[in-house]
Amino acid sequence: TPNPSAPIRPKQGLSDRRQNHAESVVQGQDAPTINHRMNRVSRPAATLWHKYLLIAGLYLAQGLPGGLIAYTLPVLMREQGAAQIWISAFSLIGIPWSVKLLWSRVLDQSPSKASYIGLSFILTALCWLALSIQPIATAFTEQKTTLMVLILLLMANFIMASQDILTDGLTVRLLNDEERGFANSLQVVAYKLGMLISGGLFLSHYSELGWQSGMQLIVLILAMGYLPVLYQLWWRRDAALHHSLRSTSQTQSPSEHKAQSLWRIIQGFVRTTGVPYWLLLLIAYKLPDGLISTVVRPFAVDYGMSKATIGQAANYAIIFGGIAGLFAGFLWRWQRKHYQKLLLLLACMQLLSNMGYAALTYLPPTPSLWWAVSLFEPVVDTMSTVILFAAMMHYARRAYAGVDYTFQATLFVIAASSMHLIGGWLTDAFGHRAVFGMAMLLSLVTIGLILKPLQHFGPDDANEQPAME
């Protein structure tokens with residue numbers, strides 16, 4: 001017999017039950033539930049390695065355009081007689097990575113993040129296939145072909161930059177501060193692997209593969225990289241992952257979160273304790289690397305290295321850099337509360353790398369020394385990138401993970417892109433010696449900034465909501 005004094009509970013809708021299940025999975029309750037739309041059971045929460053595999057697949061896809069722009073195209077342009085300033089300017093096709101902040105708020109709050117990730121795979125594959133049919137032998141001498149290559153590369157970079165917003169937000173929300181060290185190692189290693197495929201491997205086997213076959217092979221590898229992503233999001237339909245993609249805030253309702261403009265979100269982030277000085281250090285750390293990044297491959301051509309040798313060096317550099325990136329991830333896990341010391345050590349190693357390139361300009365061509373410097377520089381760059389990215393996630397507030405991280409990454413990319421043109425201009429005007437000397441001075445400035453104690457905060461404070469006026 002019903003109790004008349006018992007409170008009447010409203011009937012729980014299907015969407016509420018799904019939301020409650022997703023939240024219970026995130027909290028560690030792994031009981032399966034019925035997905036009525038798909039008419040099958042949603043699996044329990046993914047293991048940590050499932051999450052790592054998904055993140056690695058996404059970043060692998062995002063590294064493919066980078067390898068083509070950083071390694072393959074500069075060498076092909078130099079062989080066709082392009083000036084260094086134009087080679088450096090060609091890197092501006094990566095401009096979507098610099099301005100992705102403009103649409104980061106829209107994507108970070110979108111309820112269709114999983115659908116966009118699937119769409120990005122299809123569109124990127126179409127861009128690569130369209131690039132494969134372009135006559136690359138005359139791509140930088142005929143205006144029509146050059147324009148088509150630029151448009152397709154811009155589209156691919158726009159798609160991947162947009163996906164990067166979702167991937168970064170997913171990583172921040174899905175993993176805790178301790179897990180992010182190894183996640184950032186996987187991020188950098190997977191990204192470097194994508195660069196290795198479209199850069200060093202493609203370049204070293206260019207004579208056998210050719211442009212068309214090489215680009216089609218990249219499309220096949222792209223599809224393989226997306227397999228764990230498609231499995232986790234659509235086949236396995238992991239509830240915790242979908243909840244992390246849908247989540248915008250843990251302390252605000254969706255209507256309150258959407259009411260915040262992009263400017264006010266950024267303003268609140270910059271006002272957080274310790275963030276302004278951290279952003280200054282982040283920019284300073286990237287300046288010397290951005291100055292020489294588009295110069296070192298053309299310098300190798302002028303130094304007398306063959307295309308196959310440059311490609312082989314790129315392969316080894318990325319492999320050693322990947323190993324160093326994994327090591328840096330474990331360093332972050334052990335020493336994340338003292339990451340200032342890690343940054344100081346890596347800044348000193350960056351200075352040694354720039355000194356090595358400067359020494360090459362004073363010595364007669366010495367292949368062994370060139371190999372040593374060209375392998376040391378990417379190891380330092382990869383280790384520092386892992387630590388910097390982990391620190392960027394540490395500073396990002398969980399409620400605005402996509403916007404906060406994208407804002408830091410945008411400053412990171414703008415600092416590097418602005419130095420690309422300066423490096424190209426200095427090379428054409430004063431030679432490689434001036435560029436590497438300037439990089440040494442910038443590294444010294446970075447070391448000076450790191451020596452000043454950083455005002456930092458713990459993981460719990462980093463995720464607090466800022467006071468909004």
Side-chain angles (χ1 to χ4, degrees), residues 25-26 28 45-63 66 104 108 113-114 117 160-161 163-195 225-229 231-233 236 238 240-245 247 250 282 318 321-339 342-343 346 381-409 412 458-460 462-463:
V25 170
V26 172
T47 66
L48 185 60
W49 286 104
H50 281 143
K51 301 173 187 177
Y52 285 155
L53 190 60
L54 180 139
I55 292 170
L58 290 171
Y59 283 112
L60 171 66
Q62 293 166 200
S104 62
D108 194 40
K113 298 183 183 73
I117 291 175
M160 290 293 98
Q163 178 183 288
D164 189 58
I165 298 171
L166 304 179
T167 308
D168 293 336
L170 173 65
T171 304
V172 172
R173 295 185 180 107
L174 196 60
L175 304 175
N176 60 39
D177 198 55
E178 182 178 349
E179 296 167 346
R180 290 173 195 157
F182 187 69
N184 278 279
S185 295
L186 281 182
Q187 169 189 349
V188 175
V189 170
Y191 189 88
K192 293 285 186 181
L193 180 60
M195 294 184 68
Y226 268 98
L227 283 178
V229 180
Y231 170 74
Q232 289 290 341
L233 291 179
R236 194 174 185 272
D238 183 84
L241 295 177
H242 279 275
H243 177 72
S244 298
L245 284 170
S247 176
Q250 293 184 341
L282 182 66
I318 295 175
I323 297 173
L326 292 174
F327 178 67
F330 288 109
L331 283 180
W332 171 265
R333 183 170 183 174
W334 296 329
Q335 299 289 328
R336 63 182 183 276
K337 294 183 179 179
H338 307 284
Y339 60 87
L342 296 178
L343 290 176
L346 293 170
D381 178 62
T382 304
M383 292 183 67
S384 61
T385 300
V386 169
I387 301 300
L388 288 172
F389 282 6
M392 287 161 58
M393 288 187 177
H394 170 81
Y395 276 87
R397 300 161 297 173
R398 187 176 298 272
Y400 305 99
V403 176
D404 287 358
Y405 189 90
T406 300
F407 176 67
Q408 297 176 80
F412 191 83
D460 294 333
N463 291 325

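Hydrogens, waters and symmetry mates are skipped; everything else that's a heavy atom, side chains included, is used.
In this structure, Tyr405 OH and Arg397 CZ are separated by 16.0 Å, a value rounded to the nearest 0.5 Å. In this structure, the separation between CG on Leu388 and CG on Leu346 is 8.0 Å, given to the nearest 0.5 Å. Taking CG from Asp164 and OG from Ser104, the interatomic distance works out to 11.0 Å, rounded to the nearest 0.5 Å. Interatomic distance, Met392 CE to Phe407 CZ, rounded to the nearest 0.5 Å: 10.5 Å. Rounded to the nearest 0.5 angstrom, Met383 CE and Ile323 CD1 are separated by 12.0 Å.
Residues satisfying the side-chain hydrogen bond (donor to acceptor under 3.5 Å, both in side chains) test with Tyr52, not counting sequence neighbours, are none. With sequence neighbours left out, the side-chain hydrogen bond (donor to acceptor under 3.5 Å, both in side chains) criterion links Gln408 to Trp278. A search for ring-ring contact (aromatic ring centres under 6.0 Å, His included) contacts involving Phe327 returns nothing, not counting sequence neighbours. In this view, Phe412 and Phe389 satisfy the ring-ring contact (aromatic ring centres under 6.0 Å, His included) rule, not counting sequence neighbours. Remark: Tyr59 pairs with Asp168 by the side-chain hydrogen bond (donor to acceptor under 3.5 Å, both in side chains) rule, at least two apart or across chains. Scanning for side-chain contact (heavy atoms from CB on, under 4.5 Å) contacts around Leu193 gives Leu60, Leu196, Ile197, with sequence neighbours left out. Judged as a side-chain hydrogen bond (donor to acceptor under 3.5 Å, both in side chains), and not counting sequence neighbours, the contacts of Thr167 are Gln62. Thr382 pairs by the side-chain contact (heavy atoms from CB on, under 4.5 Å) definition with Val188, Lys192, not counting sequence neighbours.
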Evaluate side chain to side chain contact (heavy atoms under 4.5 Å, CB included) for Tyr226 paired with Leu58, printing each intermediate quantity in order. CA-CA 7 Å; Tyr226 268 98; Leu58 290 171; 4.2 Å; yes

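Scanning all heavy atoms of the two residues, the minimum distance from Ala56 to Ala190 falls at O-CB, 3.3 Å.
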